[in-house]
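Please read all numbers here as calculations on a predicted model, not as lab measurements. Protein chains get the first letters and strands the later ones, always in sequence-line order, with residue 1 at the start of each.
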Amino acid sequence: MKIYITTPIYYINAEPHIGHVYTTISADTLARFYRMSGYDVFFLTGTDEHGQKIYEAAKIQNITIKELVDRNSGIYKKLWDTLNISYTRFIRTTEPEHEETVKKVFTKLLEKGALYKGNYEGYYCIPCESYAIPEDENNPLCPDCKRPMSKISEPSYFFRMSKYAKQLERYIEENDFVKPDFRKNEVLNFIRDGLYDVSITRKNVEWGISSPTSENYTIYVWFDALINYLSGIGYLQNDNLFSKYWPPDVQFIGKDIIRFHHIIWPCLLLALDLPLPKVIFAHGWWTSGKDKISKSKGNIVSPQKIIEEYGLDPLRYFLLREVPFGLDGEYSEEGFKKRYNSDLVNDLGNLVNRTVNLVETKMAGIIGNEAPEITLANFAISVFEEYEKKMKAIAFSEALEEIWKFISFLNRFLDEKAPWREGCKNVAEILNSTIFGIRVATIMLTPFIPDASLRIWKMLGFDGDPGMEGFKLLNQKLPEGIKVNKREIIFPRKK
RNA sequence: GGCGGGGUAGCUCAGUGGCAGAGCAGCCGGCUCAUACCCGGUAUGCCGGGGGUUCAAGUCCCCCCCUCGCUACCA
């Protein structure tokens, strides 16, 4: 069983922010979940490095383009290392293999008659370097930057997208391709209003892949960028790899790039006679003080700062727990701290700490391997079933809620059994069962908070790594004669 | 303007025509192995407004108000 997961490739002209981090952590968590489920996972991410803005930026900074793209791409790559992102491949659009694939795709589409030469007439925003349709033709302003646009006319290759509208409409109607569900109608309406052909080359862009034609055109960046999902697994280059993983099972995107991914991208694949992705999931935005987080609004949320203060896993946890995946979320320091203290410190951290403490004081640190108490064991099974269902539906916050139901159960279990009480008969059974429960919770938490989970795992005295061994560990009884390690506070209380 | 969501407790939201709910926050008390977890008790609502159907309406129908998306080349 294979699964192919992608993130967008990130445009290196911008500094990575919480939105990039959110998409990538989401994809990573799903990738880890499927790996633990025994799937053969290919997880692709990378950077988008072409376009006029990159060219200008290098000029302004007085460095070569190569220096600029290497440096900025490196910033992303390094950040993903910091965030524990388990990508299979980090693709860069400036790699020769990618550039070659883009040209091959262009040629293939041309041969199939999916591209034709035409003339682009419309409005152009010089500062944005983009074609756009202004709201008011009498006073054409850029929909993006609100500055005046000029009317231009230039030859261009067009992609015959209109031809695939009906086919795409049917695919969307009949499949769970557009996620979340409430986006489905938006996309269908858009298609039903009629699709235009889209221009895919530019005349005046100096930094990009040149078209494999006699004229000197540059392939427009979005076209170049979308092809990464193909070139990343060897399309037209490595047939074994490609046929093994194609089509994508889950593609993560932000809601701002739905158009490209739910319309243009599948049309492109239809033109190439390739099977369409199973799911493209558009997540929401993080806001702060009700505004979209952006540099210009000055309400930047720095992932690095959060990590310095709380650690990586609390950030991963917060992003996926706080908001139902797909909706917008409000970020605030107070909200973060509340989640942290309430869920990670009070519920999970305290459970682990009190249990290990009891094992130390009541059982000299040794855990037995008798079968766990029956209601606990049954609850563990039903929680995992729900968890698995939620994860497969990419409902991260709900999956975490399931885990927390179980963590609450374990805290209650301890309280009701009260193994610290004088004359408590079955201390060993109670504590072994609780440890068994924490072990189950830790395994389920691993895709979300791999580092903290492993630390808990080690503290309980278990060998190996649940991230490597996967969910099959759930069916095993506890190893014999395990001794817990020294107690450590995994999530220190804040303020 | 067109299409589609929402409007229910302080906050986030669940709610199949049949006694208005959960989580978090609050208050009172208990328990206490622990990074104060758990238990018991308690408060809080014109369920956006108006009309209708019904023995019975957050729930179904009609009208209105407010709000948020989408309405093509922003990676």
If you measure only the distance, is there a donor-acceptor pair under 3.5 Å linking the side chains of T442(A) and S453(A)?
-> no
Residue pair M363(A), N432(A): steps toward the side chain to side chain contact (heavy atoms under 4.5 Å, CB included) verdict = CA-CA 10 Å; M363(A) 295 169 70; N432(A) 294 345; 3.5 Å; yes
If you look at every strand shown and take non-hydrogen atoms under 4.0 Å, does I490(A) touch a base, only sugar-phosphate, or nothing?
-> base
If you look at every strand shown and take non-hydrogen atoms under 4.0 Å, does N346(A) touch a base, only sugar-phosphate, or nothing?
-> sugar-phosphate
Side chain of N185(A) - closest among G4(B), U71(B), C37(B) = G4(B)
Test of ring centre spacing under 6.0 Å for Y22(A) and F325(A) = yes
Give the dot-bracket string for RNA chain B, reading 5' to 3', where a pair is Watson-Crick or G-U wobble with both distances under 3.5 Å, ( ) marks pairs inside the strand, [ ] marks pairs crossing earlier ones, | marks a partner on another strand, and . marks unpaired.
-> ((((((((.[[[[.)..(..]]]].(((((.......))))).....[[[[[..)....]]]]])))))))....
Validate the cation-pi geometry between R316(A) and F448(A): distance from NZ or CZ to the six-membered ring centre under 6.0 Å, angle to the ring axis within 45°.
-> no
Of all the nucleotides listed (A34(B), C39(B), A72(B)), which has the minimum atom distance to the side chain of R412(A)?
-> C39(B)
Output yes if the stacking criterion (under 5.5 Å between centres, under 30° between planes) is met for F182(A) over the base of G4(B), else no.
-> no
Which of A72(B), U32(B), C38(B) is nearest the side chain of D415(A)? It is C38(B)
Would you call the rings of F409(A) and F379(A) parallel, tilted or perpendicular if under 30° counts as parallel and over 60° as perpendicular?
-> tilted
For the rings on Y87(A) and F43(A), is their centre-to-centre separation under 6.0 Å?
-> no
Selection from C33(B), A72(B), U35(B) that lies nearest to any side-chain heavy atom of N357(A) | C33(B)
Using a cut-off of 4.0 Å on non-hydrogen atoms, how would the nucleic acid contact of N350(A) be classed: base, sugar-phosphate, or nothing?
-> base
NA contact type, L195(A), heavy-atom cut-off 4.0 Å: base, sugar-phosphate, or nothing?
-> base
From C37(B), A72(B), G4(B), nucleotide with atom closest to V198(A) side chain = A72(B)
Gap between atoms NZ and P, on K338(A) and U12(B) respectively (whole Å) = 10 Å
Just compare A34(B), A72(B), U35(B) and give me whichever is closest to any side-chain atom of R493(A).
-> U35(B)
Would Q251(A) and T6(A) count as having a side-chain donor-acceptor pair, cut-off 3.5 Å?
-> yes
Please tell me which of R421(A) and L226(A) maps to the more 5' nucleotide of RNA chain B, matching each residue to the nucleotide holding its nearest heavy atom.
-> R421(A)
Contact class for G19(A) vs. all strands (heavy atom < 4.0 Å): base, sugar-phosphate, or nothing?
-> nothing
With respect to the phosphate group of U71(B), does any side-chain polar atom (N or O) of R259(A) fall under 4.0 Å of OP1 or OP2?
-> yes
